[in-house]
Amino acid sequence: MQKQDYYNNFFEIGQQKINFSFFFSFFELSLPDDDPVYTLKKVLEELDFSGLLACYSDKGRTGFNPIMLYSVVTYANMRGVRAVDRIVDLCQRDLAFIWLTKGQKPQRDVFYDFKGKKLTGEVLDELNYQFMRRLEKEGLITLKELSIDGTKLEANANRYTFVWRGSLNYHLAGLLDAIDALYAKYNAFLSENGYGTKYDLGDAHMFVIEGMDKVRKVIEENRKRKLTKHKKISNNTLIEIDHCSPLEILKLQKNLMRIAQGEGIEFVSEKGKHKPEIQKLYEELEECGSRLMGYKECFENMGKDRNSYSKTDLEATFMRMKEDHMLNGQLKPAYNVQIAVENYFIVHGYVSNDRTDYHTLTPVLKKHRNAFGDTLEAVTADSGYCSEKNLLYLKENGIRSYIKLPDHEKRKTRAYKEDIGKYYNMTYAVFEDERYYICHDGRELRHIRTESKEQEGYTQTVEVYGCADCMGCEHKSKCLYKYNAGKNPDRNKVMKINERWEELREESNANIQSEEGILKRQIRSIQTEGHFGDIKENESFRRFNYRSEEKVYKEFMLYAIGRNIMKYHRFLHHEIETYEGKKEQKAA
């Protein structure tokens, strides 16, 4: 019954307008009839809050109405207010907030508990999707087309708390050298004193870590580059850190402790007393073991999908931001925020710590499918989302791709069209089910082999074509990449083609060059980038207030829902209309 009372208490009959009269009607406080708070109340009346109320218990004292708290937080975001202290102040001074709370004065701990514990990302998504279905019924959106774009917003983390994979690899290599020397010292200590035979202890063997050979090779190369003042090579090799278990070092420590007890050697810690050799070895092993544990924890925090993280927000990744406070390309801890928009409304939001947009498209499309079924027909995005994996996912699910290619501008140049070394400027032929290319000199490039490459759970297949003999060809300098006649005059033409990738690229390129594709790209650039421009410049939302990916996502979705309802309010009052684009446009 208590949960039903929440509905009755908030959606009370007669609470339709704000109008306070004092001093026998000599002084009147009121809000205009077109205030956004009335639109908010109208939207909330048709939402199902069962998901939110399920986070509350019927036992105990009755707290503040969660529907009221949600309405207050949403209305605050409609007005661009995200700080809890500012919301608490408005609940005491602003007429619209006082009307929503019915004069109650929730304090900051109430809002922190509501936003941090009661309100979840799934609840926010469900409430937003209910609102999207209402917009679909009213004809404002169709849920059949999405324009997707992303931006980077700074995390609530200190700027200089970065941990880099390359730095960890470098220091780990030095630590392993020190541990290897300690292993040799340990074996020598047992052999010289005869402890190995006496206590039945064998020689200790240094453990092997996969990937360290590549790390040491890069370290050595960077040392040479430093002498010649060349740029360093990134050292981001993934290390199998699980194989370097500190338990191996702990076994050696236990052996030393056993020897000390058997020989009656006491460990000392007071000043002025000389430590025995076995204690020094024990403490050196302990220090290296603790350092190894620290590196292992850093690698676990970082995971395998990124090369940096912040110590104050472990899920934030250091990214290159457009807002550079030092004007020197300084990286900042940030999150990659994605939005899927239709007719100005943010249908989906997605937050990740991936620096690129390649891996963010599929999760957004899966969210749409889970929420609305197989309704999606077309997706428009910029070149940051163009990858074989993404285009193949769109094709397999029957979604038209209007994704701009990375070489879209390059395709217009004369150099691209006249590059005789590229397969697309060669003649393609088929003879007796055998495919081959004919180069500019009239020679045939036959199929040699098929190569496969596994990358992040996805297999890429590449076909290799080559010319049997390029001797005497006068076009070798233009056809072969970095051809040097003096060093390798007998080199023949070989090219690798990912035919599935090229086919998907051409389909997407044909779509964006069509009249419909031009209009969709135009709409995407105006709506998605317009959202980010408004968010960052007009409302100064450049930095999150919360830490961790979950809380950051809830903060952004609350803000997105507030923007959606504010857009809906403007549609109702004819302040904005559905964008249809320009009627006549040439292909860009």
Side-chain angles (χ1 to χ4, degrees), residues 158 160-220 223 235-304 307-312 314:
N158 297 341
Y160 306 108
T161 57
F162 35 72
V163 178
W164 304 103
R165 185 183 298 277
S167 180
L168 288 176
N169 287 344
Y170 176 83
H171 291 293
L172 179 61
L175 176 61
L176 293 178
D177 291 339
I179 294 175
D180 193 16
L182 283 178
Y183 268 64
K185 186 176 180 180
Y186 170 85
N187 292 331
F189 176 76
L190 295 185
S191 177
E192 292 173 359
N193 296 278
Y195 293 144
T197 305
K198 184 176 181 180
Y199 293 94
D200 194 21
L201 299 175
D203 290 343
H205 300 283
M206 181 64 181
F207 44 80
V208 179
I209 303 178
E210 297 181 10
M212 285 307 300
D213 292 339
K214 294 182 180 179
V215 171
R216 296 182 189 278
K217 185 177 180 180
V218 174
I219 291 175
E220 188 62 31
R223 286 173 180 167
N235 197 354
N236 294 327
T237 304
L238 291 177
I239 302 299
E240 294 294 337
I241 195 68
D242 292 337
H243 294 174
C244 67
S245 174
L247 294 176
E248 299 294 330
I249 300 177
L250 188 60
K251 291 179 182 178
L252 303 187
Q253 291 181 262
K254 290 181 179 180
N255 293 339
L256 294 177
M257 185 61 69
R258 177 185 168 193
I259 294 172
Q261 293 175 353
E263 299 296 324
I265 303 175
E266 295 184 0
F267 286 9
V268 297
S269 58
E270 295 84 358
K271 290 184 179 180
K273 291 189 177 182
H274 181 71
K275 294 181 179 179
E277 183 179 358
I278 190 173
Q279 182 180 354
K280 293 179 180 179
L281 182 57
Y282 180 90
E283 291 179 352
E284 288 176 354
L285 287 170
E286 185 177 25
E287 181 184 359
C288 289
S290 62
R291 286 182 59 192
L292 193 60
M293 283 293 292
Y295 289 142
K296 187 173 183 179
E297 183 180 357
C298 290
F299 282 116
E300 289 174 353
N301 291 333
M302 190 175 301
K304 296 183 179 181
N307 296 323
S308 67
Y309 73 90
S310 172
K311 295 178 183 178
T312 48
L314 301 181

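Quick note: numbers below take in every heavy atom, side chains included, and nothing from hydrogens, waters or symmetry partners. All residue numbers refer to positions in the sequence shown, counting from 1.
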Let's go through Tyr183 and Asp203 carefully: what are the C-alpha distance in whole Å and the side-chain angles of both, what is the deciding distance for side chain to side chain donor-acceptor pair (under 3.5 Å) to 0.1 Å, and is it a yes or a no? CA-CA 9 Å; Tyr183 268 64; Asp203 290 343; over 6 Å; no
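In plain terms, the two heavy atoms of Thr237 and Arg165 that are nearest each other are O-CD, 4.0 Å.
For the pair Gln279 (side chain) and Val268 (backbone), a donor-acceptor distance under 3.5 Å is present. Judged by distance alone, with hydrogens and angles left aside, the side-chain atoms of Asn301 form a donor-acceptor pair with the main-chain N or O of Glu297 at under 3.5 Å. Looking only at distances, no side-chain donor or acceptor of Thr197 sits under 3.5 Å from a matching main-chain atom of Gly194. With Asn169 contributing its side chain and Asn235 its backbone, the two residues share a donor-acceptor pair below 3.5 Å. For Arg216 (side chain) and Tyr170 (main-chain N/O), no donor-acceptor pair under 3.5 Å exists by modelled atom type. In this structure, the side chain of Ser308 does not engage the main chain of Val163 through any donor-acceptor pair within 3.5 Å.
Taking a cutoff of 4.0 Å between a charged side-chain nitrogen and a carboxylate oxygen, Glu220 and Arg223 qualify as a salt bridge. Salt-bridge check for Glu266 with Lys273: failed, with every basic side-chain N at 4.0 Å or more from each acidic carboxylate O.
For the residue pair Tyr199/Glu263, the side-chain donor-acceptor check at 3.5 Å is satisfied.
For the pair Met302/Leu168, a side-chain contact is recorded, criterion being any heavy-atom separation below 4.5 Å from C-beta on.
The aromatic rings of Phe162 and Tyr160 sit perpendicular to each other, their planes meeting at more than 60°, with 30° as the lower class boundary.
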